[in-house]
Amino acid sequence: MSEYNFLEIEKKWQSYWTENHTFKSSIDKDKEKYYVLEMFPYPSGRIHMGHVRNYTIGDVVARYRMSAGFNVLHPIGFDAFGQPAENAAIKHDTDPKEWTEKCIGWMVKELKHMGFSYDWDRELSTHRDEYYRWNQWIFIKMMEQGLAYKKGCPVNWCPSCQTTLANEEVVNGECWRCQTEVIQKELEQWYLKITEFKDVLLEDLETLKYWPERVRTMQKNWIGKSFGVEIYFKEAETEKNLPVFTTRQDTIFGATYMVVAPEYPQLKEMIKGKPEEAQVLKFIEQVSRKSKIVRVSADVKKEGVFTGTYAINPVNNEKIPIWTADYVLMDYGTGAIMAVPTHDQRDFLFAKEHNLPMRVVIKNSDAGITNADELNEAYEEDGVQVNSAQFDGLTNTEAKEKIADWMEQEKIGQRQVFFRLKDWLISRQRYWGTPIPMIYCDKCGVVPVPEKDLPVKLPEKIDITGEGGSPLAKVKEFVEVACPVCAQPARRETDTMATFIDSSWYFLRFCSPRYDKGVFDQEEVNYWMTVDQYIGGIEHAVLHLLYSRFFTKFLNSIGLVDMKEPFQKLLTQGMVLKDGEVMSKSKGNIVDPDEIIQKYGADSLRLRILFAAPPEAEIDWQNKDMDGAWRFLNRVWTLVLSFHELKTSGMEIKELGFEKKLLFKLHTAIKKVTEEMSGGFKFNTAISTMMELVNEISPALRTAQEKNAMNEVLEQAVTALVIMISPITPHMCEELWQVMGNKGTILKAAWPIYDSKYLEQDELTIVVQVNSKVRSKIIVPADIAEDALKEKVLADEKIKNWVQDKPVKKFIVIPKKLVNLIM
RNA sequence: GGGCGAGUGGUGGAAUGGCAUACACGAUGGACUUAAAAUCCAUUGGCUUAACGGCCGUAAGGGUUCGAAUCCCUUCUCGCCCACCA
């Protein structure tokens, strides 16, 4: 019998799949379509264990669906633009394009070594002009709709990457890529109006039933819808408007001072000529030098000064002092707050520190504290209104509505819905990205590049230093252009687009990747979309997944696509760690998948990474765990070959005694494996079930060998086993399938269907408890009547001992499972 | 500070109201071998017992239930996300 020579087998079948275009996909309206997509990789040059996990999961889903008769689309491509390539090019003194394409070459090779079922004819890469020209096209479409615009305002700036960052790219005040502290800079930049879709982006989260709750919550928080009231405070002397936004209008009667952000635009005018002017200016200066990280860190004491001015509370015409403090932020609400120290902990601490007055307006209950001096902290819970004029006695939840109504009536306030989500800043002062297709003309202003002139190609082999300013600005031939409107000399925009734009619609491009008459072929898109199963890391929960939803909604709004959401189901797989840490070059704990493939084969690696844990959980990778996977595959290999040898040796066919038990195990396994592959995705337990099946077939086969006989049940079991493992270990199973005398690929084999009649057993083991403790187990016919069961239980020797002659108070019967005697 | 999730043998994990620890890994012993590897067989939560068996046991404590790893409450620990968000 031949050995399991995985290197040879894997090579053979990888060539077979390529030569026979096994995974080529095209529209077939007779079949149900299934679009499975894994988040496409950044071409770093080497695949890592995270890729292996992500793509193995996707591949099992894809291969299962192919076997189950679906018309499957399973594409792959590369998210090729971005800073790492630019940095690598600077470091190695090469060109980002050359570098990237070399990396793609390596990665394609490694991905092919894993045996993934990609339709390679659809491969795309975002750095090719045939792709990014459509980024430019979409951008112009957005501009036509008023959804792409330029504005000057303070932006996030990473001093290390020398570029701007979107809000989503700033993590804890640091650049998400290099962890450098982000600073604010006043710049004129391009934005996409994602806020136009804020309501649907939020509402439609509800329709994403098959997304992890966690991801939906994160998006919900990021969009951050809050309901409140804008209240029109006035400056006491000048009567100028000082609106504040609050969600706690029920506490308005407790507002004892006001705070404006140090950056508040009117602040400098408000203090002009006041005795406090100097100290306030000094404070503003101090705060501006403080970094955002320091400013928002919880343990730093809130600082602030009195401005010398007063505001009028419109509900009672009370004159309250206006302070400025670092705990009020310019970029949320109106940049000014009403401070209610009794019912907001931050205001409470600040008021205590600066001896500001307090007034309780909500008490806990009838006995609740109403004297502010007795409070040790702010009372932020619900309660009953006090000191609130006509609203006294109402619960604060009632008062919220009544006060809002009243304010609107009196025109001293207006209900408002406030969103945290801001427009998406997409200008980047970097080279390796899509040029923003805009031209600045002194006469005509900002002019989009006409559609016929697209793509605006990224100039190649230019000088990149990574220091200061857009590299494209130094390329004269690029910058200088004739205005498309008046033909006078004009200048091109030299910033490039954020690379998250590239990945915001690639799943649409995959439907018709070579289409050159438009952004995509609508017929293809409307056939394949939506993505039935999307698989990727949780780190994209907000960024990529929110942007993709935004793009889809935009394209839907201009009638280019039918669907409103891009990804029907989402699976977020856990990370692959090494010794509890993320694998990285700097830690030197990188595991190279290709090394494992050389030693154990891709099939063993695929099996192991799925068996280690359920897909959402983290895995701590240990190379030595490969042995178990390898051993199991060898067992299957030997088993199937021994079976085949026996079958072809002219034995007789007869009953061998194990049939019933084997059928039970087989159909249990078919049920379980099918469930997991079609949606449960707990591949670890699917695999353990198949291991149990192997543990059942092995002794059965031995019996058959001893008696030099076999039968159909054994054959069914072996056949089903090979088909069921094939999505996980495709190379080995293709080979076994061929050895078993079949022609062509195992993907054409019919996926086994379980028959519930084999799941019924004649005899059952019933657990017998006495006073809820397991004391015995009895075997009874499956259809035993309750009376007969009781009789049998009481006749059991062990139970007799426990019961003796004491009376049985209660006799609990859980059919087919358990009996509990309460004494 | 807020939200979400998790905590089970030496290890990865299984069991989502009914036999806790399936399936593996590792370990120990045995068979085969001149030997080793591979393979196969057996044992493998703790305490106790000569043995049959008994008792304990799913982070800690309490509750609901005939019955709880699973549901509820309190506490602890860890992870992730958000965060001076008004």
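Every chain is numbered from 1 and lettered A, B, ... according to where its sequence line falls, protein lines coming before strand lines. All values below come from the heavy atoms of this structure, side chains included, with hydrogens, waters and symmetry mates left out. Fair warning: this is a prediction, and the values are worked out from it, not measured in the lab.
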Looking at [X], I'd like to know whether one of its side-chain N or O atoms comes within less than 4.0 Å of OP1 or OP2 on [N].
X	N	result
R420(A)	A83(B)	yes
N684(A)	A24(B)	no
N221(A)	G2(B)	no
R346(A)	C85(B)	yes
R631(A)	U39(B)	yes

Would you mind reading off the distance between [X] atom [atom1] and [N] atom [atom2], rounded to a whole angstrom?
X	N	atom1	atom2	answer
E692(A)	A24(B)	CD	P	7 Å
M691(A)	A14(B)	CE	P	14 Å
M690(A)	C23(B)	CE	P	16 Å
Q249(A)	A86(B)	CD	P	12 Å
Y4(A)	U39(B)	OH	C1'	18 Å
E3(A)	A38(B)	CD	C1'	10 Å
I252(A)	A86(B)	CD1	C1'	12 Å
N634(A)	A24(B)	CG	C1'	16 Å

Quick check: on RNA chain B, is the nucleotide nearest A613(A) upstream (toward 5') of the one nearest K777(A), or the reverse? Name the residue that is more 5'. A613(A)
How do T334(A) and T689(A) order along RNA chain B: which one's closest nucleotide is nearer the 5' end?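 The residue whose closest nucleotide sits nearer the 5' end is T689(A).
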Across the strands shown, which category fits [X] at heavy-atom distances under 4.0 angstrom: base, sugar-phosphate, nothing?
X	result
G224(A)	nothing
F611(A)	base
R214(A)	sugar-phosphate
D620(A)	nothing

Salt-bridged, [X] to [Y], with N to O below 4.0 Å?
X	Y	result
E206(A)	K220(A)	no
K798(A)	D796(A)	no
K671(A)	E675(A)	yes

Could you run down nucleotides 41-59 of chain B 5' to 3' and tag each one B, S or - for protein heavy-atom contact under 4.0 Å? -------------SSS---
Given the [atom1] atoms of [N] and [M], what is the spacing between them in whole Å?
N	M	atom1	answer
C73(B)	G3(B)	P	13 Å
A68(B)	C55(B)	P	15 Å
C19(B)	G57(B)	C1'	15 Å
U70(B)	A60(B)	P	11 Å
A15(B)	C84(B)	C1'	45 Å
A20(B)	G54(B)	P	12 Å
U74(B)	U21(B)	C1'	28 Å
U65(B)	C80(B)	P	39 Å

Would you please classify the geometry between the Y332(A) ring and the F245(A) ring as parallel, tilted or perpendicular, with 30° and 60° separating the classes?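 Rings of F245(A) and Y332(A): perpendicular, over 60°.
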So W630(A) and Y600(A), would you call those rings parallel, tilted or perpendicular, with 30° and 60° as cut-offs?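 Ring orientation, 0 to 90° scale: perpendicular.
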Name the pairs: protein N/O against N/O of nucleotides 66-70 of chain B, kept only if under 3.5 Å.
| residue | atom | partner | partner atom | Å |
| --- | --- | --- | --- | --- |
| C66(B) | O2' | S772(A) | OG | 2.7 |
| C66(B) | O2 | N820(A) | ND2 | 2.7 |
| G67(B) | O4' | S772(A) | OG | 3.3 |

Going by the glycosidic torsion and a 90 degree boundary from 0, is the base of G9(B) oriented syn or anti? syn
So that I can compare with my own list, what are the stems of RNA chain B, taken as at least three consecutive Watson-Crick or G-U pairs with distances under 3.5 Å?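 Expected stems, ordered by start: B:1-7 with B:76-82, B:10-12 with B:23-25, B:26-31 with B:39-44, B:45-48 with B:53-56, B:59-63 with B:71-75.
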Within 45° cone of W211(A) ring axis and under 6.0 Å: R216(A) NZ or CZ: no
When you measure from the centre of the six-membered ring of F418(A), is the NZ or CZ of K225(A) closer than 6.0 Å and no more than 45° off the axis? no
Are there over 12 heavy-atom neighbours, none belonging to N376(A), within less than 6.0 Å of that residue's CG?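 Atom CG in N376(A) is not crowded, with 12 or fewer foreign heavy atoms closer than 6.0 Å.
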